[in-house]
Amino acid sequence: MSGEQSNSARNYELAHAEVAHQLPSGGWLDTLRREALARFGRQGFPTRRDEDWKYTSLKSIEKQRFVPATGAGAEPDAAWLDQCRIEGLEAIRLVFVDGFFDAGLSAIGELPEGVRVQSLAAALADESEPLKGRLGAVADEDMHRFAALNTAFVADGAWLHVPADVELEKPVHLLFVTTADDTPRLVQPRVLVSAGRHSKLTLIEHYADPAGASAFTNVVTEIDAGEGARVEHYLLQEHDSAAYHVGSVHVAQQADSAYVSHNVNLGGALVRHDIHPRMLGEGAHTVMNGLFLVGDGQHVDNHTRVDHAVPHTGSDEYYKGVLWGKGRAVFNGKVIIHRDAQKTDASQYNGNLLLSPMAEIDTKPELEIYADDVKAAHGATVGQLDEDALFYLRSRGLDARAAREVLTFAFAGDVVARMGLAPLRERLEAAIAQRLPGGGLA
Amino acid sequence: MLNIKDLKVTVENTPILKGLDLAVGAGEVHAIMGPNGSGKSTLGHVLAGRDEYEVTGGSVEYQGKDLLDLEPEERAREGLFLAFQYPVEIPGVNNTYLLKAALNAVRKHRGESEVDAVEFLQLIKDKMKIMDMDESFLSRGVNEGFSGGEKKRNEILQMLVMEPKLAILDETDSGLDIDALKVVAEGVNALRREDRSIVLITHYQRLLDYIKPDHVHVLSGGKIVKSGDHTLALELEEHGYDWLKKEAASA
């Protein structure tokens, strides 16, 4: 451990000491929190010498003093908040300001019997809620250091439980917003999901900031998908261009369960996602779709890791990136097929479109295969817009700018087409059209 | 309509067109024939505005304007249409989208209102009937997974939608069986009008059985080496191109 690492970790320990008395407490929770803080202190901040952080420098986060949020800041502007709604989507809506649940802005409504959709703070305060042994059970804090940091500060977030054989028809929309003011905040919500046997759940984890907010969000999502359960998980990152985001998603999949992830990145200054499904029961299946649009002043790093731990499981990963200006992105897709995981069927693809000579993508498939009777395919491409196609479109009367936009949109569009929720697809199509750099392309 | 004078073009520093002259009047159909590598396709692409082709000399006047001064999309909006020899597959861009965008680009340029979805659908269905095309083409990606013949039909469909003043067909007949050839010819003939001109670039005479040209030119070695009426095409069919090369060499 270098001195630099322990220094920045030390800052977070000090910050923790200042707010510790405001965090929810209780026997098992105190132990969990203490162990997590010690773990983070020992490991410190990752540096680029760590293989998993080779292409992403955290210096811009380390050199700032983020103040841990201990409650919601100023109420967000109503008109702005309205734009964060997903038009046409009828959802159970929970709004979090600086990581803390805001009941006034939320609309949960009536839930089927046994279903829990509530703030984590309320669940932690209610001893009848079975959080002990669940919180922190799926996340691997040795592998994901920021998960330990999140646990050390855990105070609020969302607790979702769908009992066996229940299909929750309405998607759950978790909207996380921050407050823009002079103090950059450390915002650390926690999402805990328990999907019972043969249950069904759609979850939208959505991040947005008012203009100029430069908070550091460090979020952990733990999903326990029971036998035959289906969890569809949208990660919609629409942070402001000054925001920092580190998040990890940890999924434990029992037999015949399906986990479908759609990871969309449109904003942020520095963003890192780790998505880590583990297939622990036969017949489990994982789908991971991803799209990142990355322009000037942005760095987006997607690390995925799929563990095929048992026979007869499948994974299908499809990530695409569009980069322009001096945008930088990283894709690292690890697929581990363990020794007993015969008949695994794993596929992975990462395609990238570079619209400027200064944009950079580091893409790396990592397949570790310890079983001998498996199917595993992977591919990565990096390219520019097709000159023949551009000329063809222009010869049909489209101007150069429109032709570029159409081709870029077509490149990104097939990831959007994989998403099940139509209102979300529509929002994304509009957001993509708006985000694309258009005529400024070199 | 089109007046090409002493046009010289190089591709990657290799001269391809070496002083080409061609005048096409309104309502005329011209066929440009010639052996492989004579510069036929280069001519089509230069006229459409492909920028990999460098014009090193000569001039091209189109409807009184300097054509070489216009961007590819401006040429298209001004009524110049190139049917590609190898139409590009563009997955993810819907065929209907392109047809509608092309039509509206032209209409807007002419100062006409854009067509709405209902008008467009009616219009496109009529044109597709001419081209013997199934409606399923509308929902597919542009040329995506189309057979050679389907791509060529799609080119002519685009042409019928855009209603150009000058249509240049670059080897549209190549790779077509006789039935498809008839359909394509029917599409082209449907467009013929006294204020529209057509330039057929082709290696073979057979297309000219269905679209009768007013003038036939032979392009060889980057120049027009012989011009005549439609009987020249029959002569070429019978004797091939060798006798012309010899004639040109001895001249």
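Only this structure's heavy atoms are used, side chains among them; waters, hydrogens and symmetry mates stay out. Every chain is numbered from 1 and lettered A, B, ... according to where its sequence line falls, protein lines coming before strand lines.
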Distance (rounded to the nearest 0.5 Å) between B:Leu200 CG and B:Glu171 CD: 11.5 Å
Which atoms of B:Val142 approach chain A - backbone, side chain, both or neither, heavy atom under 4.5 Å: side chain
B:Leu7 side chain near B:Leu43 side chain, heavy-atom distance below 4.5 Å: yes
Using only distance, no hydrogens or angles, which N or O donor-acceptor pairs sit under 3.5 Å between chain B and chain A?
unit_1, atom_1, unit_2, atom_2, d
B:Arg50, NH1, A:Asp388, OD1, 3.0
B:Arg50, NH2, A:Asp388, OD1, 2.9
B:Glu71, OE1, A:Arg394, NH2, 2.7
B:Glu73, OE1, A:Arg394, NE, 2.7
B:Glu73, OE1, A:Arg394, NH2, 2.9
B:Glu73, OE2, A:Arg394, NH2, 3.4
B:Glu73, OE2, A:Ala400, N, 3.3
B:Arg77, NE, A:Gly397, O, 2.9
B:Arg77, NH2, A:Gly397, O, 2.8
B:Leu82, O, A:Arg396, NH1, 2.9
B:Leu82, O, A:Arg396, NH2, 2.9
B:Asn143, ND2, A:Tyr392, OH, 3.2
B:Glu155, OE1, A:Arg396, NH2, 2.7
B:Glu155, OE2, A:Tyr392, OH, 2.3
B:Gln158, OE1, A:Tyr392, OH, 3.4
B:Gln158, OE1, A:Arg396, NE, 2.5
B:Gln158, OE1, A:Arg396, NH2, 3.3
B:Gln158, NE2, A:Tyr392, OH, 3.3

Residue A:Ala400 versus chain B: region with a heavy atom under 4.5 Å: both
Near-ring test A:Phe292/A:Phe331, centroid separation under 6.0 angstrom: no
Distance, nearest 0.5 Å, that separates CG of A:Leu398 from CG of A:Leu407: 9.0 Å
Chain A contact via B:Pro87 - side chain, backbone, both or neither, heavy atoms under 4.5 Å: both
Identified side-chain contact (heavy atoms from CB on, under 4.5 Å) counterpart of B:Glu61 within the set B:Asn3, B:Leu68, B:Ile4, B:Leu67: B:Asn3
B:Asn13 CG: over 12 foreign heavy atoms closer than 6.0 Å: no
Inter-residue atom distance B:Leu207.CG - B:Met33.CE, 0.5 Å rounding: 9.5 Å
Side chain / backbone / both / neither for B:Val93 at chain A, heavy atoms under 4.5 Å: both
Contacts of A:Phe409 that satisfy ring pair (Phe, Tyr, Trp, His ring centres under 6.0 Å) - sequence neighbours left out: none
